[in-house]
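Let me begin by presenting the structure, written as structure tokens, before commenting on it.
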Amino acid sequence: MTIPPRVRVFFALSIPDTVKTSMEKLMGDIKKVTRHHAIRWTTLDNLHITLQFIGEMQVEHVPLLLENVSERLKKGVTLPALTFGKLNLFPSPFRPRVIVLEMGAHPELATLAKTIGDGIEATSYPVEKRLFRAHMTLGRIKQPKSLNMNFINMIKVPELTPLNVEEIVLFRSDPHPDGSHYTEISRLALT
């Protein structure tokens with residue numbers, strides 16, 4: 001496979017298969033309630049929790065990016081077992097674009113995102129300045145005006161296995177008509 005000179009990349013937490021199975025059931029429950037084609041659902045293989053989205057970068061800068069982020073992670077970022085929160089609409093219920101499953105209250109995730117952001121900035125790429133909101137995107141709403149948003153209150157999120165995190169993943173994102181495809185570039189261990 002040929003790699004283009006510029007790639008879209010992001011750092012994320014990958015989701016284990018046990019959690020993906022639970023997500024499949026939850027997404028199925030939402031589909032039954034919404035019964036609408038205005039939502040493009042995330043494939044199970046694409047489920048993740050984004051920590052930092054870089055966007056496009058020169059492919060030759062990827063090794064330096066990994067080195068810079070890895071150096072910052074060596075200072076010691078540990079995460080507790082991560083719990084999941086409630087379903088929500090982002091960026092807001094009044095302007096919904098995505099259906100998300102929020103993460104529980106874990107300030108350590110924001111610290112991890114900032115640590116990764118420091119490595120990104122050391123590679124001379126900008127980072128997102130908005131408040132970090134840890135979540136997993138379940139679906140993208142293509143036509144919000146044609147969808148009754150009250151469904152979000154009708155779904156009960158099942159008890160989900162906490163997520164034990166020992167590494168982060170740098171993914172490459174390739175746009176496709178049916179949604180982006182993600183390819184793992186590298187894994188970095190948390191110490």
Side-chain angles (χ1 to χ4, degrees), residues 1-17 19-20 23 42-85 88 90-92 95 97-138 140 162-176 179-191:
M1 173 169 67
T2 304
I3 297 177
R6 296 184 66 79
V7 291
R8 289 171 50 93
V9 295
F10 63 94
F11 283 98
L13 302 178
S14 64
I15 305 299
D17 289 340
V19 175
K20 285 180 183 177
M23 291 300 106
T42 304
T43 63
L44 293 179
D45 288 340
N46 278 358
L47 289 175
H48 64 276
I49 299 164
T50 301
L51 297 167
Q52 286 285 352
F53 183 80
I54 301 164
E56 278 200 3
M57 71 179 304
Q58 296 286 4
V59 74
E60 69 260 16
H61 296 167
V62 170
L64 178 61
L65 171 70
L66 291 167
E67 181 182 322
N68 286 336
V69 171
S70 184
E71 280 301 311
R72 279 141 187 92
L73 292 176
K74 287 179 185 172
K75 295 176 182 166
V77 177
T78 57
L79 295 176
L82 302 176
T83 55
F84 295 90
N88 209 341
F90 277 11
S92 78
R95 289 186 344 200
R97 296 185 62 213
V98 292
I99 302 166
V100 302
L101 179 62
E102 294 182 327
M103 298 305 296
H106 299 291
E108 300 90 349
L109 273 175
T111 301
L112 176 59
K114 175 158 183 358
T115 301
I116 294 167
D118 292 345
I120 294 168
E121 287 180 323
T123 316
S124 299
Y125 284 90
V127 295
E128 180 67 54
K129 298 299 182 191
R130 286 184 292 186
L131 178 68
F132 177 73
R133 295 170 70 185
H135 66 277
M136 186 183 331
T137 298
L138 303 180
R140 298 191 179 281
L163 190 60
N164 292 308
V165 179
E166 297 175 355
E167 60 189 4
I168 61 169
V169 182
L170 179 65
F171 286 101
R172 173 178 156 191
S173 174
D174 295 307
H176 286 271
S180 294
H181 294 184
Y182 304 141
T183 306
E184 184 180 307
I185 294 175
S186 183
R187 290 180 175 259
L188 300 177
L190 300 179
T191 55

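None of these values were measured; they are calculated from a predicted model.
Residues forming a side-chain contact (heavy atoms from CB on, under 4.5 Å) with Asp45 (at least two apart in sequence, or on another chain): Lys20, Thr43. For Ser70, the side-chain contact (heavy atoms from CB on, under 4.5 Å) partners are Lys74, Leu188, not counting sequence neighbours. The side chain to side chain donor-acceptor pair (under 3.5 Å) search around Thr137 returns none, not counting sequence neighbours. Partners of Phe90 by ring-ring contact (aromatic ring centres under 6.0 Å, His included), not counting sequence neighbours, listed by chain and number: His135. Every residue two or more places apart in sequence or in another chain that forms a side-chain contact (heavy atoms from CB on, under 4.5 Å) with Glu121 is listed here: Asp118, Val127, Lys129. Residues passing the salt bridge (Lys or Arg N to Asp or Glu O under 4.0 Å) test with Glu128 are Arg130, sequence neighbours excluded. Scored by the side chain to side chain donor-acceptor pair (under 3.5 Å) test, Thr50 finds His48 as partners (sequence neighbours excluded). Residues satisfying the side-chain contact (heavy atoms from CB on, under 4.5 Å) criterion with Arg187, sequence neighbours excluded, are Ser14, Glu167, Val169, Glu184. Under the rule for a ring-ring contact (aromatic ring centres under 6.0 Å, His included), the partners of Phe171 that lie at least two apart in sequence or sit in another chain are Phe10.
Residues Leu163 and Pro16 share a closest heavy-atom pair of CD1-CD, 3.1 Å.
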Show the atom names and distances, to 0.1 Å, of all donor-acceptor pairs under 3.5 Å that link a side chain in residues 104-112 to residues at least two apart or in another chain.
{"unit_1": "His106", "atom_1": "NE2", "unit_2": "Thr83", "atom_2": "N", "d": "2.9"}
{"unit_1": "His106", "atom_1": "NE2", "unit_2": "Thr83", "atom_2": "OG1", "d": "3.1"}
{"unit_1": "Thr111", "atom_1": "OG1", "unit_2": "Pro107", "atom_2": "O", "d": "3.3"}

Donor-acceptor list for residues 53-62 side chains, cut-off 3.5 Å, not counting sequence neighbours:
{"unit_1": "Glu56", "atom_1": "OE1", "unit_2": "Arg6", "atom_2": "NE", "d": "3.0"}
{"unit_1": "His61", "atom_1": "ND1", "unit_2": "Tyr125", "atom_2": "OH", "d": "2.6"}

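Looking at Arg72, its side chain does come within 3.5 Å of a backbone N or O of Asn68 through a donor-acceptor pair.
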